[in-house]
Amino acid sequence: MILVRLSDGLGNQLFQYAYALCVQQCGAEVQLDCSWFPEFGLNTLKNATPRAYALGPYSLRLPMAPLPMAEKLTYGSGLLAPLRRLLHQRPGLLREGRQNTEPARIAGIGADRLIRGFFQEARYPDMVRPALLEDLRLPEESLNAANREMLEQIRSCNAVAVHIRRGDYLNADCIGVHGICSAEYYAKAVQRLAEQTGQEPHLFVFSDDAAWVRENFKSPCPVTPVAINSGADGHLDINLMRHCRHAVIANSTFSWWGAWLIENPGKVVIAPEHWFADGRDVSALYPPAWLRM
């Protein structure tokens, strides 16, 4: 049995789920470990943005593992398990970046393991795209009236999803790591997108900082702010994004998924050149067709 740990926000959980599907596709039996989230009772968050399990609204094809299984796989069983726990020895744990976590290798090791990581590479979702498009599709009959109305507006025009991430990125612990996409970035990105598509875009702006958008986001194009869903309903915003024709994203896995799920074969996606403030190389995160600026 292979357990893949889910953690952090919705975008990260989706990358971890995509990776788990890749491992399953390679022939392993895979379950999802949710013990990282406080509501499941086995973990507490320290010095981090509070997060909750966010994949509940989706029809996932992988089951959730029983909560004690993660600890059993991490430390093993038998008389030595308490000693391993005391000595922080975790023979059943494999971590991205420290061990080889390629899906084919994990599927072929023939032993129970718990896998931890972020797996923020475009190749993982790309490997299992048909499954993800199906699993992450929300039935329209499940949407409330406000979301159905917004969806009709999006379908009626040359809709472009624009995501502006601020919120926790403004915290002292985060801004030095992630940085913030500027108003200038969005202005240039919208202009570039209009040039690429040859059409005037209608911008549907998604943000966790509606006040900043009202005061700072200016565009000669039609603009519709989307502020109908709460933070706990991020899946509804991603669902609206995926029905747009094109996207301008922030340095956020949340809008990455909104853009990646767009099924328009001629879509244009514009992403920030630097994902992190220190400019570290995360080129594997970007699908080859996306434009960076």
Same apolar cluster (I L V M F W Y, side chains within < 4.5 Å links), [X]/[Y]:
{"X": "Tyr17", "Y": "Ile106", "answer": "yes"}
{"X": "Trp257", "Y": "Trp290", "answer": "yes"}
{"X": "Phe206", "Y": "Tyr186", "answer": "no"}

Check whether the side chains of [X] and [Y] place a donor and an acceptor atom closer than 3.5 Å, and report yes or no.
{"X": "Asn239", "Y": "Asn147", "result": "no"}
{"X": "Gln120", "Y": "Thr253", "result": "no"}
{"X": "Asp209", "Y": "Ser207", "result": "no"}

Once you measure the plane-to-plane angle for [X] and [Y], does it fall in the parallel (<30°), tilted (30-60°) or perpendicular (>60°) bin?
{"X": "Tyr124", "Y": "Phe119", "answer": "perpendicular"}
{"X": "Trp256", "Y": "Trp260", "answer": "parallel"}
{"X": "Tyr58", "Y": "His235", "answer": "perpendicular"}

Distance, nearest 0.5 Å, that separates [atom1] of [X] from [atom2] of [Y]:
{"X": "Ile164", "Y": "Ile180", "atom1": "CD1", "atom2": "CD1", "result": "10.5 Å"}
{"X": "Cys181", "Y": "Glu273", "atom1": "SG", "atom2": "CD", "result": "11.5 Å"}
{"X": "Arg5", "Y": "Ser35", "atom1": "CZ", "atom2": "OG", "result": "3.5 Å"}

- Query: In terms of side-chain geometry, is the basic nitrogen of Glu140 or Arg155 positioned less than 4.0 Å from the acidic oxygen of its partner?
  - Reply: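 A salt bridge is present here (some side-chain N lies under 4.0 Å from a carboxylate O).
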Where the side chain of [X] meets the backbone of [Y], is there a donor-acceptor pair that is under 3.5 Å apart?
{"X": "Ser142", "Y": "Leu138", "result": "no"}
{"X": "Lys267", "Y": "Ile262", "result": "yes"}
{"X": "Asp33", "Y": "Ala70", "result": "no"}
{"X": "Arg245", "Y": "Cys157", "result": "yes"}
{"X": "Gln31", "Y": "Leu62", "result": "no"}

- Message: On a heavy-atom basis, which atom in Glu263 and which in Arg242 lie closest, and how many Å separate them?
- Response: OE2-NH2, 3.3 Å
- Task: Assess the pair Trp212 and Phe217: is the distance between their ring centroids shorter than 6.0 Å?
- Result: no
- Query: Hey, would you say the His202 and Phe204 ring centroids sit under 6.0 Å apart?
  - Reply: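 Yes, ring centres under 6.0 Å apart.
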- Return yes when atom CD of Gln153 has more than 12 non-hydrogen atoms of other residues, nucleotides or ligands closer than 6.0 Å, and no otherwise.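 Count over threshold, so yes.
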- Message: According to side chain to side chain donor-acceptor pair (under 3.5 Å), does anything in residues 96-111 pair up with another residue at least two apart or in another chain? List the pairs.
- Response: Glu102-Arg123
- Task: Sorted by first residue and then second, give each salt bridge (Lys or Arg N to Asp or Glu O under 4.0 Å) pair with at least one member in residues 247-261; sequence neighbours left out.
- Result: none
